[in-house]
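First up is the structure itself, then whatever we jot down about it.
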Amino acid sequence: QVRVVESGGGLVQPGGSLRLSCAASGIIFTSYAMGWYRQAPGKQRELVAAITKGSSTNYADSVKGRFTISRDNAKNTVYLQMTGLKPEDTAVYSCNAKAHNGEFDIWGQGTQVTVSS
């Protein structure tokens, strides 16, 4: 019932673009800050981009200028528009919903993004 589900991952060439979507259900979406994380093999999970309830955003330095996070409260969905993709962007991208200072913390299953020729 309470869940977030990612979609939109896939294989893309370097320099290409993808848009990831994260659809939330079973929550009051406007009460949650949303984030996109990624984890590459052998690496720790890292925050890629986050958007607050008030739609303020922040990004990892490695993706600034290339990725854009947005939310559509009417659709209970957060997006990650990725452009200028690089091989080092290859990872499993996961969506996170957080409210009440982390007391409510929901993770999706993740979607694979592979950037390769």
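A distance of 6.5 Å separates CH2 of W107 from OG of S94, quoted to the nearest 0.5 Å. Atom OH of Y32 is separated from atom CE of M34 by 9.5 Å, given to the nearest 0.5 angstrom. To the nearest 0.5 angstrom, R71 atom CZ is 11.5 Å from T57 atom OG1. We find the OG-CG distance between S17 and L85 to be 6.5 Å, quoted to the nearest 0.5 Å. S7 OG to Q109 CD: the interatomic distance, rounded to the nearest 0.5 Å, is 13.5 Å. Within the model, atoms OG1 of T83 and CZ of R19 stand 13.5 Å from one another, a figure rounded to the nearest 0.5 Å.
For the residue pair Y93 / R38, a side-chain donor-acceptor distance below 3.5 Å is found, with atom types taken as modelled.
Of the possible polar contacts, none joining the S56 side chain to the G54 backbone as a donor-acceptor pair under 3.5 Å is found. E6 places a side-chain N or O within donor-acceptor distance of the main-chain N or O of G110, the cut-off being under 3.5 Å.
Counting non-hydrogen atoms of other residues, nucleotides and ligands closer than 6.0 Å to CD of Q39 gives a total above 12. For Q13, the CD atom is loosely surrounded, since the number of other residues' heavy atoms within 6.0 Å does not exceed 12. The 12-atom threshold is not exceeded at CZ of R3, counting heavy atoms of other residues, nucleotides or ligands nearer than 6.0 Å.
Residues T90 and Q112 approach most closely at CG2-NE2, 4.0 Å, considering heavy atoms. Between V48 and Y37, the shortest heavy-atom distance links the atoms CG2-C, 4.0 Å. Nearest approach of F29 to V78, heavy atoms of both residues: CZ-N, 4.2 Å.
Cluster membership check: L47 does not share its hydrophobic cluster with I106, using side-chain heavy-atom separations under 4.5 Å among Ile, Leu, Val, Met, Phe, Trp and Tyr. In terms of hydrophobic clustering, with Ile, Leu, Val, Met, Phe, Trp and Tyr side chains grouped at heavy-atom distances under 4.5 Å, I51 and V4 are assigned to a common cluster. When hydrophobic clusters are built by joining Ile, Leu, Val, Met, Phe, Trp and Tyr residues whose side-chain heavy atoms come closer than 4.5 Å, directly or via intermediates, Y79 is not grouped with I27. Using a 4.5 Å cut-off between side-chain heavy atoms of Ile, Leu, Val, Met, Phe, Trp and Tyr, with links allowed through other members, L20 and V63 fall into the same hydrophobic cluster.
Of the residues listed (V113, L80, L11), the one engaging L18 in a side-chain contact (heavy atoms from CB on, under 4.5 Å) is V113, and it is the only one.
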(request) Determine, stepwise, if the pair K86 / D89 fulfils salt bridge (charged side-chain N to carboxylate O under 4.0 Å, His left out). (result) CA-CA 5 Å; K86 304 175 180 180; D89 295 318; over 6 Å; no
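Residues P14 and P87 have side chains in contact (heavy-atom distance under 4.5 Å, counting atoms from C-beta outward). Between F104 and V2 the shortest side-chain heavy-atom distance does not fall below 4.5 Å.
The hydrophobic cluster of V92 has no other members, since no ILVMFWY side-chain heavy atom comes under 4.5 Å of it.
In this structure, F67 has its ring center no closer than 6.0 Å to that of W36.
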